[in-house]
Each structure stands twice: as C-alpha cells, then as structure tokens.
*Asks:* 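Starting off with a structure, shown below.
Hydrogens, waters and symmetry mates play no part in the numbers below; they use all other heavy atoms, side chains included.
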Amino acid sequence: MARKRLIIEMGMGVDQHGQEPTVAASRAVRNAIAHNALPGVWEVAGLSHPNEMIVEVQVAVPYPEKVRQEEVLAVLPFGQKTLTVESGGMVVQGRAIPELNDINDEMLIAIAAVTVLIEND
C-alpha cells in the first residue's frame with residue numbers, strides 16, 4: 001500500500017518559564033492542530049475510524065534530547081503516531097522569575113509540522 005498525504009499543519013510553541021523543551025514542543029503540536037477539522041478522512045479517504053490515520057509529527061526545538069516524546073504525542077487525540085525531534089527552534093533571552101522555578105533567563109521556542117497520511121491502494 002502507498003501512503004498519501006492528506007494534510008500538513010504547522011505550529012509554534014513557547015515555554016517562557018521553566019526551560020522545558022517538552023512544553024514548547026507540545027504547545028507547537030497543539031497549535032498546529034488547534035483549528036482544523038478533517039472530514040476528508042471519512043468523506044474522501046473512506047476511513048471508518050480516526051485511528052486509521054497515520055500522523056507523522058516533526059518538531060524542531062532547542063535541547064531535543066530532553067524532549068519526553070510520549071508527552072508530545074499525547075497531544076494528538078487520534079492516529080497511528082510517530083514523532084521526529086530535531087535541533088532547531090530558538091532560544092530567546094527572557095527574564096528568570098524565581099517563583100516560576102526558572103533555572104535561567106531562556107525562553108524556548110519550538111516549531112512543528114503535523115502530517116496526516118492515509119494508506120491507499
């Protein structure tokens with residue numbers, strides 16, 4: 001079976017306090033899927049359940065080795081999910097606030113692309 005792309009959504013996420021790349025990555029994925037509906041998976045592709053979708057996520061974030069991948073994928077409600085994390089995004093100097101448990105002045109910015117594919121004969 002061949003895989004065909006149905007949609008690609010892009011998003012951005014920021015962790016202003018806490019310096020957690022997982023938080024920034026999760027927010028980027030959530031931003032990418034926040035304003036879409038996919039009736040085409042039923043009406044065009046003929047899937048009977050949204051878990052039949054193949055969902056490939058690519059995230060670029062500072063400190064990719066610290067990303068807890070299962071938490072990022074948990075943002076997606078349905079599909080056969082995979083995640084690729086790579087170095088990227090941005091580190092911007094903010095302001096550490098001790099009451100927010102900041103460890104430094106860094107704000108982490110992540111970008112994400114979420115691709116929905118279907119298997120086709």
Side-chain angles (χ1 to χ4, degrees):
M1 289 221 178
R3 290 182 172 187
K4 292 193 175 186
R5 294 177 297 167
L6 189 62
I7 189 170
I8 302 170
E9 292 286 341
M10 288 72 60
M12 181 194 75
V14 179
D15 185 22
Q16 291 183 20
H17 300 284
Q19 297 72 47
E20 281 286 341
T22 301
V23 170
S26 296
R27 288 177 177 165
V29 172
R30 187 174 294 112
N31 179 250
I33 66 167
H35 302 286
N36 64 25
L38 300 175
V41 299
W42 294 278
E43 296 173 9
V44 177
L47 302 183
S48 60
H49 193 278
N51 279 330
E52 295 177 66
M53 298 182 298
I54 300 159
V55 184
E56 296 178 348
V57 179
Q58 185 176 356
V59 176
V61 63
Y63 316 115
E65 69 283 355
K66 295 181 179 180
V67 171
R68 295 180 301 279
Q69 295 194 17
E70 62 282 347
E71 290 181 36
V72 176
L73 288 175
V75 171
L76 301 167
F78 297 107
Q80 302 167 40
K81 313 167 200 177
T82 60
L83 174 64
T84 302
V85 181
E86 59 189 68
S87 183
M90 293 179 71
V91 176
V92 178
Q93 293 310 117
R95 178 71 177 182
I97 300 174
E99 294 84 0
L100 296 176
N101 298 317
D102 282 328
I103 57 175
N104 59 41
D105 288 339
E106 292 181 348
M107 295 189 304
L108 306 182
I109 302 173
I111 57 170
V114 178
T115 303
V116 174
L117 304 100
I118 57 167
E119 289 192 344
N120 197 304
D121 295 334

*Asks:* Provide the closest heavy-atom pair for G79 versus N51 in the form atom of the first, atom of the second, distance.
*Replies:*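 For G79 and N51, the tightest heavy-atom pair comes out as N-OD1, 3.0 Å.
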*Asks:* Looking at G89 and P62, what are the two nearest heavy atoms and their distance?
*Replies:*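 Scanning both residues completely, I find the closest heavy atoms to be CA-CD, 4.3 Å.
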*Asks:* As an exercise, state the distance from CG of D102 to NE2 of H17, rounded to the nearest 0.5 Å.
*Replies:*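 Separation between the atoms: 5.5 Å.
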*Asks:* What pair of heavy atoms forms the shortest contact from P50 to W42, and how long is it?
*Replies:*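 The answer is CD-CZ2, 3.7 Å.
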*Asks:* Is there a side-chain contact between L38 and M53 in this structure, where contact means two heavy atoms from C-beta onward sitting under 4.5 Å apart?
*Replies:*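 Yes, side chains in contact.
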*Asks:* Any sub-3.5 Å donor-acceptor pair from N120's side-chain atoms to R3's backbone N or O?
*Replies:*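 Pair absent, no side-chain N/O of N120 close to backbone of R3.
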*Asks:* What closest approach, in Å, do A28 and A110 show between heavy atoms, and which atom pair accounts for it?
*Replies:*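 A28 and A110 have their closest heavy atoms at CB-O, 3.7 Å.
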*Asks:* Would you say M107 and I111 are hydrophobically clustered, going by side-chain heavy atoms of ILVMFWY under 4.5 Å?
*Replies:*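 No, because M107 and I111 fall into different hydrophobic clusters, even though each may have its own neighbours under 4.5 Å.
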*Asks:* Counting neighbours of CZ on R5 that are heavy atoms of other residues, nucleotides or ligands and sit closer than 6.0 Å, is the number greater than 12?
*Replies:*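 No - once you tally the heavy atoms of other residues, nucleotides and ligands closer than 6.0 Å, there are 12 at most.
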*Asks:* Do E52 side-chain atoms and L47 backbone N/O form a donor-acceptor pair below 3.5 Å?
*Replies:*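 Side chain of E52 to backbone of L47: no pair is present.
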*Asks:* Within the side chain of D105, is there an N or O that forms a donor-acceptor pair under 3.5 Å with the backbone of Q93?
*Replies:*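 Such a contact is absent between D105 side chain and Q93 backbone.
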*Asks:* Determine whether I109 and V75 fall in the same hydrophobic cluster, where Ile, Leu, Val, Met, Phe, Trp and Tyr are linked whenever their side-chain heavy atoms lie under 4.5 Å apart.
*Replies:*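 No, no single cluster joins them.
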*Asks:* About how many Å separate CZ of R95 and CG of L100, when rounded to the nearest 0.5 Å?
*Replies:*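 It is 12.5 Å, given to the nearest 0.5 Å.
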*Asks:* Measuring from E56:CD to K81:NZ, what's the distance to the nearest 0.5 Å?
*Replies:*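 Between atom CD of E56 and atom NZ of K81 there are 14.0 Å.
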*Asks:* Grouping I, L, V, M, F, W and Y whenever their side-chain heavy atoms are under 4.5 Å apart, do V44 and I54 come out in a common cluster?
*Replies:*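 V44 does not cluster with I54.
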*Asks:* Heavy atoms only: give me the nearest G11-A32 pair and the separation to one decimal.
*Replies:*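 Nearest pair, atom of G11 first, then A32: N-CB, 3.7 Å.
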*Asks:* Under a 4.5 Å side-chain heavy-atom rule over Ile, Leu, Val, Met, Phe, Trp and Tyr, are V29 and L117 clustered together?
*Replies:*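 No, V29 does not connect to L117 through the hydrophobic network.
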*Asks:* Taking D15 for its side chain and E20 for its backbone only, find out whether a donor-acceptor pair lies under 3.5 Å.
*Replies:*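 Pair found, side chain donor or acceptor close to backbone of E20.
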*Asks:* May I ask you to test the V59-V67 pair for a side-chain heavy-atom distance under 4.5 Å?
*Replies:*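 With C-beta onward as the side chain, the pair stays apart.
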*Asks:* Tell me, yes or no, whether the heavy-atom count around H35 atom NE2, taken from other residues, nucleotides or ligands under 6.0 Å, exceeds 12.
*Replies:*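 No, NE2 of H35 has 12 or fewer neighbouring heavy atoms, counting only those of other groups under 6.0 Å.
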*Asks:* Return yes if some donor-acceptor pair links the side-chain N/O of Q19 with the main-chain N/O of E106 below 3.5 Å, else return no.
*Replies:*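 Pair found, side chain donor or acceptor close to backbone of E106.
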*Asks:* Report the residue from T115, L83, T84 that forms a side chain to side chain contact (heavy atoms under 4.5 Å, CB included) with V57.
*Replies:*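 Of T115, L83, T84, side chain to side chain contact (heavy atoms under 4.5 Å, CB included) with V57 is met by L83 alone.
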*Asks:* Kindly give the heavy-atom pair with the smallest separation between P21 and L108, and that separation in Å.
*Replies:*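 Looks like N-CD1, 3.6 Å.
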*Asks:* Decide whether V85 and L76 are clustered together by the hydrophobic rule: side chain heavy atoms of Ile, Leu, Val, Met, Phe, Trp, Tyr closer than 4.5 Å, transitively.
*Replies:*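 Yes, because V85 and L76 connect within a single hydrophobic cluster, where side-chain heavy atoms sit under 4.5 Å apart.
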